[in-house]
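Here the structure is laid out as structure tokens; the discussion comes afterwards.
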Amino acid sequence: MILGILKEPSPETRVSLHPEAVKVLTASGNKILIEKGAGESSFLSDDTFLEAGAEVKDRKDVLKEAEMIFQITPLDAADHSLLSKGKYLFGVYQPLFAKELMKTLADTGVSLFSMDSIPRITRAQSMDVLSSMSTVSGYKAVLLAAANLPRFFPMLMTAAGTIAPAKVLVIGAGVAGLQAIATAKRLGAVVEAFDTRPSVKEQVESLGGKFVEVPGAVEDKGAGGYAVEQSEEYKKKQSEMLEKSIIKSDVVITTALIPGRKAPILITKAMLEKMKSGAVVVDLAAANGGNCEGTQNNETVSIDGITVIGNSALPSTMPQDASKMYSKNVQNLLKLLLKEDKLNLNFEDEIIKGTCITHDGAIVYEPLLK
Ligand code: NAD
């Protein structure tokens, strides 16, 4: 197969396939084309890709010649005319939020594999870009919080007095949240965490965090590990209990998401007013509307003396490792799609079926067909 790696549009800095993956894929008989400069913002030169076996080309030629096209960011409309039946496109498209774009792409005939739709099953863990990128975000969120907090994270006993450790609250103990707990603990903070899935209590505690319990949460074991919408009564109780933790925290990191829906508001303006002056909120749900009232996506704002950071593109701030991890996820999906250099598209496979959004001129992704 001919695989094409495109240069991401700014502000994205990652690259979708790393030279390590290029080496393996070319060794099994595939040809790899890379757009000039595609690795530059991840500190990977064209020469590094050439040494790994890729050919460097112009964007138009990559789009024209490649059978499989890789770009993390959805392609621009200007690129759509070069898509056609028989071509395979890989990226992060959030199809449930982009129905019109999915129709447009289906009309081009291209087969789209949206990496964020990989089913959350054990066999697919090594392909799961949501998990790998959440790991980056959870880690970086804590570093951002620490850099913006006007005080220390760890407890210090110095000749100039004793400093109490910072109190960090993590709301949403999924992949990003657990990484945030671990990172905040390493920096010496006292960490509390909350999630509507009571089953994560053990994981929070194993990382040294204290789990904030709100009894009565509904957890659906059939939801693939994801949270489900809670009752109004539960939300009220949750809000009252969370408020107590929020107002005593120096840092709150929010990661609460419900697939395909707007993120729930968990920190209201009224709660922000009661928070400690100088406290920091890092809202990792910013791209989905945010968990904090007043969050601006990709902006840092000050609300009543509280710094609210709504940066939803944290993987792009660590492009070296984030590219490596994303690329490894893609490479693992390709192991399923390719037998050596031949396409092996088996729609009976749950992972292929769950990740393919458009095929043969139609939308085939079940959640969009309902
Ligand atoms: P996510 O990004 O969808 O959500 C983040 C967290 O927010 C979740 O833990 C969710 O329960 C929580 N949340 C949602 N609404 C909330 C609210 N109102 N208040 C507080 N918390 C709220 O989740 P994620 O991190 O992508 O993954 C969730 C879980 O999925 C994981 O912990 C894991 O169990 C499972 N998972 C499985 C695989 C796999 O097997 N391949 C891969 C990744 C994750």
Side-chain angles (χ1 to χ4, degrees), residues 92 94 96-97 115-139 141 169-182 192-207 209 211-243 245-246 252-268 271 281-293 312 314-315 325 328-329 332-333 336 350-351 354-355:
V92 175
Q94 298 210 44
L96 291 177
F97 292 104
M115 294 301 297
D116 51 311
S117 299
I118 297 265
R120 313 305 289 273
I121 56 172
T122 308
R123 190 166 61 91
Q125 262 174 2
S126 63
M127 310 166 196
D128 192 334
V129 299
L130 289 184
S131 288
S132 59
M133 296 305 111
S134 290
T135 301
V136 180
S137 300
Y139 167 81
L169 171 67
V170 176
I171 306 179
V175 182
L178 291 173
Q179 186 57 235
I181 296 168
E192 283 193 343
F194 168 73
D195 198 295
T196 46
R197 295 179 301 123
S199 58
V200 298
K201 178 175 187 255
E202 224 172 278
Q203 294 171 43
V204 169
E205 288 174 349
S206 74
L207 292 169
F211 191 67
V212 179
E213 309 234 18
V214 181
V218 178
E219 188 167 17
D220 179 0
K221 299 270 185 236
Y226 283 123
V228 290
E229 190 76 30
Q230 301 293 320
S231 68
E232 285 310 314
E233 192 193 338
Y234 176 87
K235 283 186 197 166
K236 194 164 165 274
K237 205 175 346 159
Q238 170 190 334
S239 181
E240 284 163 11
M241 295 199 59
L242 263 189
E243 178 171 319
S245 289
I246 289 169
V252 183
I253 292 172
T254 67
T255 76
L257 290 172
I258 300 172
R261 314 180 80 124
K262 193 180 166 300
I265 291 286
L266 302 171
I267 307 180
T268 59
M271 291 181 194
V281 174
V282 182
D283 191 342
L284 290 184
N288 294 60
N291 292 140
C292 176
E293 233 177 314
S312 54
L314 291 179
M325 292 166 96
K328 196 71 186 177
N329 293 143
N332 286 326
L333 175 64
L336 205 65
E350 189 183 352
I351 299 176
T355 313

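Every number for a ligand or one of its atoms is a count from 1 in the order of the listing.
- Contacts between V200 and ligand 1 below 4.0 angstrom, taking non-hydrogen atoms only, are absent altogether.
- Judged purely by atom type and a 3.5 angstrom limit, N291 has no side-chain atom pairing as donor or acceptor with the backbone of A285.
- Per-residue contacts place L266 under 4.0 angstrom from the following atoms of ligand 1 (heavy atoms of the residue considered): 17 (C), 18 (N), 19 (N).
- The shortest N or O to N or O distance between I258 and ligand 1 is not under 3.5 Å.
- Atom CD1 of I265 and atom CE of M271 lie 10.5 Å apart (nearest 0.5 Å).
- Numbered from 1 in the order shown, with element, the atoms of ligand 1 that lie under 4.0 Å from a heavy atom of I121 read 39 (C), 40 (O), 41 (N).
- Between A176 and ligand 1, a contact under 3.5 Å exists for no N or O pair.
- The CD atom of E202 sits 8.0 Å away from atom CD of E205, with the distance rounded to the nearest 0.5 Å.
- With contacts defined as side-chain heavy-atom distances shorter than 4.5 Å, the pair L266/F194 does not qualify.
- Using 4.0 Å as the threshold, P264 has a heavy atom nearer than that to some atom of ligand 1.
- Residue D195 has at least one N or O atom closer than 3.5 Å to an N or O atom of ligand 1.
- Checking side-chain atoms of N329 against main-chain N and O of S126 turns up a donor-acceptor pair under 3.5 Å.
- Salt bridge status for E233 with K236: absent, with no side-chain N to carboxylate O gap under 4.0 Å.
- Looking at Q238 against ligand 1, only its side chain comes within 4.0 Å, counting heavy atoms.
- L130 does not count as a contact of ligand 1, since none of its heavy atoms falls under 4.0 Å from the ligand.
- Counting heavy atoms under 4.0 Å from ligand 1, residue S131 touches it through the side chain alone.
- Taking any N or O of R120, backbone or side chain, at least one lies under 3.5 Å from an N or O belonging to ligand 1.
- Those atoms of ligand 1 that come under 4.0 Å of a heavy atom in G172, given as number and element, are 6 (C), 7 (O), 12 (C), 21 (N).
- Annotation for ligand 1: atoms under 4.0 Å from non-hydrogen atoms of T122 are 40 (O).
- Under a 3.5 Å cut-off, the side chain of S137 and the backbone N or O of A176 do not form any donor-acceptor pair.
- Panel note: side chain D116, backbone Q94; a donor-acceptor pair is recorded below 3.5 Å.
- Only the side chain of D128 comes within 4.0 Å of ligand 1, counting heavy atoms alone; its backbone N, CA, C and O stay farther away.
- A pairwise comparison of heavy atoms in I267 and V281 identifies CD1-CG1, 4.1 Å as the closest pair.
- Within the 4.0 Å heavy-atom shell around ligand 1 one finds A173.
- Residue F194 has at least one heavy-atom neighbour below 4.0 Å for each of these atoms of ligand 1: 19 (N), 20 (C).
- Using modelled atom types, one side-chain atom of T135 and one backbone atom of S131 make a donor-acceptor pair closer than 3.5 Å.
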